[in-house]
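Inspection log for the structure reproduced underneath, given as structure tokens.
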Amino acid sequence: MSSSSLVHFLRHVSFPPDPHLLPTALKSCPSLLLARTLHAAAVAADLAGDSFVASSLLHAYIRFGATADARAVLDTMPQKKPNVITWNGLVSGLNRSGCARDAALAVARMHAEGFLRPDITGVSCVLSAVGDLGEILVGEQLHGYAVKAGSRLDACVATGLIDMYGKCRRTEEIVRVFNESSHIDVASCNALIAGLSRNSQVSEALRLFKLFREMQAQGIEPNPVTIPCILPAFANVAALMHGRSAHCFSLRKGFFHNIYVGSALVDMYAKCGKVRDARMVFDAIPSRNVVSWNAMIGGYAMHGEAANAVQLFQSMLICKQKPDTVTFTCVLAACSQAGLTEDGRCYFSEMQRDHGITPKMEHYACMVTLLGRAGKLDEAFDLISDMPFKPDGCIWGSLLGSCRVHSNVDLAEVAAEKLFHLEPDNAGSYVLLSNIYASKKMWDGVNRVREMMKDVGLKKEKGCSWIQIKSKVHMLLAGDDSHPMMTAIIEKVKQLNIEMRRLGFAPSTDFVLHDVEEQEKDDILAVHSEKLAVALGLISKPRNITSSNKEPPNLW
DNA sequence: TTAGGGTTAG
């Protein structure tokens with residue numbers, strides 16, 4: 001704003017300021033500079049503590065992202081006894097600006113200082129923040145408070161509680177609150193679906209689809225928010241038919257132009273292995289945001305299409321879309337998958353130098369994987385040693401994994417030691433170390449690790465795979481013969497093994513325990529859960545049907 | 001001047 005229009009603006013709001021005109025001026029205030037000027041004028045006229053003025057100042061500062069200024073206003077408020085509406089406005093404003101911790105602290109302070117008791121609106125405002133912070137204990141207290149305040153749960157509070165419990169991974173509570181709420185609407189249904197979708201087990205994911213149908217049967221029409229709530233559940237179990245149906249539904253309902261719908265569809269297609277479909281959806285999104293770009297770059301990365309991932313990243317920069325921390329996680333993961341060691345190194349520097357993004361744990365994890373896969377284990381170890389924060393289990397796990405590939409026992413022992421300390425319940429690290437010893441025929445080491453596992457009382461978790469046949473998801477565990485069709489499944493696996501050997505396949509038995517006879521080793525590998533799932537799929541498929549000639553059913 | 005639900009990685 002030029003200085004002449006500034007003068008005009010100040011004239012327009014009329015000085016000396018009064019408590020009625022200041023809020024109006026702040027509401028239409030076009031810049032942070034002017035908000036600060038008006039704040040100064042309010043302080044000079046001793047109006048900064050007026051609840052209307054303070055509330056308007058807060059909203060103006062939050063609108064410009066000046067949370068430090070907002071907090072300064074907040075700090076002057078207790079002495080002036082703000083009303084409950086001012087506080088609620090503050091809390092919702094802080095929350096909307098992504099300052100979840102400040103929002104929660106504001107409510108805690110309001111309560112602790114005893115000058116205002118939060119009302120139901122205040123509880124609604126802060127629940128989302130509490131969920132984002134994962135503060136389950138605070139959330140439970142708010143739940144109790146809301147129950148005391150009203151006989152049955154109001155829809156907004158119920159939605160907030162469902163959302164909070166969902167973010168804190170309390171599945172049972174999600175359903176309980178939903179059932180106890182006095183009124184359900186599309187928002188509470190969406191919160192329920194999102195909560196279950198976020199925390200769904202494989203076998204439960206498709207039940208959400210039934211929930212979606214029940215919601216419609218009760219006259220609650222899904223809205224554009226429903227689609228990104230439900231899609232992650234389908235994406236996570238690669239339920240392509242359901243995902244495709246959701247796509248058709250979005251097109252029919254005119255939801256496709258919603259950016260959340262578009263990005264969630266890109267992600268779903270990529271996770272279901274349909275990268276070309278993901279790209280078609282991505283290209284059709286009318287205006288993309290950083291999440292849409294990340295979903296597509298991540299989709300290429302997860303399928304090892306590093307060249308496409310990097311190319312899309314360059315297009316992103318050309319389109320003036322600012323990359324974020326997730327973008328670089330995806331780009332680095334793509335480089336790591338494809339063995340593009342030098343490119344990965346360059347992007348790791350570029351993110352800091354050109355984009356001002358400080359590497360986080362996941363970026364270091366990608367770099368350790370990238371260097372480890374290339375056999376540069378010492379360099380990976382040096383990078384870990386130079387990290388500005390304490391490496392977590394993923395970092396050491398990645399190094400240990402690379403040590404297995406490159407049979408480096410010395411570094412493996414260092415990494416494993418760290419892992420045993422950081423994640424004492426993770427049987428995987430013991431098994432990995434044991435496999436590394438086994439590959440080097442160091443049977444003493446194998447036995448030592450086995451004894452350690454016994455002492456700690458750890459067992460290796462069974463491998464688990466699943467396959468969807470028609471609308472049912474079948475779970476298969478390695479070595480578990482509880483599936484009703486197991487005899488036929490085993491028969492099919494045997495047949496496939498014979499066929500594979502005939503075609504020249506020789507399974508590697510290096511990593512299996514050394515004291516098992518050769519034939520037994522093959523048997524152990526033969527009941528690998530993925531093989532069982534594939535075999536079940538093959539014996540369940542009608543003859544002459546391939547996935548490409550099958551029409552997607554109209555599920556929705 | 002106050003309230004609820006949504007997409008990406010790890």
Side-chain angles (χ1 to χ4, degrees), chain A residues 23-24 26-27 50-60 82-93 95-96 118-128 131 146 153-164 166-167 181 183-195 197-198 222-232 235 255 258-268 270-271 282 285 288-299 301-302 323-334 360-366 369 392-395 397-398:
Chain A
T24 316
L26 281 161
K27 205 173 175 185
D50 176 275
S51 67
F52 280 71
V53 173
S55 171
S56 310
L57 276 168
L58 280 167
H59 281 282
N83 63 32
V84 75
I85 294 175
T86 317
W87 271 98
N88 292 346
L90 162 73
V91 172
S92 75
N95 198 26
R96 273 199 301 269
D119 62 358
I120 283 296
T121 306
V123 173
S124 296
C125 292
V126 80
L127 275 170
S128 164
L153 290 174
D154 145 284
C156 289
V157 175
T159 307
L161 285 170
I162 294 167
D163 178 59
M164 182 274 295
K167 285 172 180 159
S181 55
H183 170 74
I184 57 164
D185 58 15
V186 67
S188 46
C189 287
N190 288 344
L192 174 71
I193 290 174
S197 175
R198 241 182 240 128
N223 66 6
V225 178
T226 317
I227 306 301
C229 286
I230 204 167
L231 274 175
F255 294 166
N258 180 299
I259 186 71
Y260 290 88
V261 172
S263 306
L265 282 170
V266 169
D267 176 60
M268 180 277 297
K271 291 207 173 112
F282 175 80
I285 294 177
R288 301 170 194 124
N289 65 10
V290 67
V291 177
S292 351
W293 286 95
N294 291 349
M296 193 60 241
I297 295 171
M302 77 180 76
D324 67 3
T325 156
V326 178
T327 317
F328 280 98
T329 310
C330 297
V331 171
L332 292 174
K360 298 207 292 191
M361 193 73 83
E362 51 267 34
H363 302 111
Y364 280 100
C366 284
T369 309
D392 70 356
C394 290
I395 302 272
S398 170

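Letters go in sequence order (proteins before strands), and every chain restarts at 1.
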For [X], report the nucleic acid contact type (base, sugar-phosphate, nothing); a contact means any heavy atom under 4.0 Å.
X: A:L192; answer: nothing
X: A:N258; answer: base
X: A:V157; answer: nothing
X: A:S92; answer: sugar-phosphate
X: A:S128; answer: sugar-phosphate
X: A:A365; answer: nothing
X: A:R198; answer: sugar-phosphate

Do [X] and [Y] have side chains that approach each other closer than 4.5 Å (heavy atoms only, starting at C-beta)?
X: A:T325; Y: A:H363; answer: yes
X: A:C366; Y: A:T329; answer: yes
X: A:N258; Y: A:I227; answer: no

- prompt: Which is it for A:C189 and A:T226 under the side chain to side chain contact (heavy atoms under 4.5 Å, CB included) test, yes or no, and what are the steps along the way?
  reply: CA-CA 8 Å; A:C189 287; A:T226 317; over 6 Å; no
message: Under 4.0 Å from a heavy atom of chain A: give me the 5'-most and 3'-most nucleotides of DNA chain B that qualify.
response: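 Endpoints of the contacted stretch of DNA chain B: B:dT1 to B:dG10.
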- request: Using the test side-chain contact (heavy atoms from CB on, under 4.5 Å), find all partners of A:S128 that sit at least two apart in sequence or belong to another chain.
  value: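 A:S128: side-chain contact (heavy atoms from CB on, under 4.5 Å) contacts with A:N95, A:D132, A:D163, A:K167.
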task: Could you tell me which residues satisfy ring-ring contact (aromatic ring centres under 6.0 Å, His included) with A:F255, sequence neighbours excluded, listed by chain and number?
output: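 ring-ring contact (aromatic ring centres under 6.0 Å, His included) list for A:F255, sorted by chain: empty.
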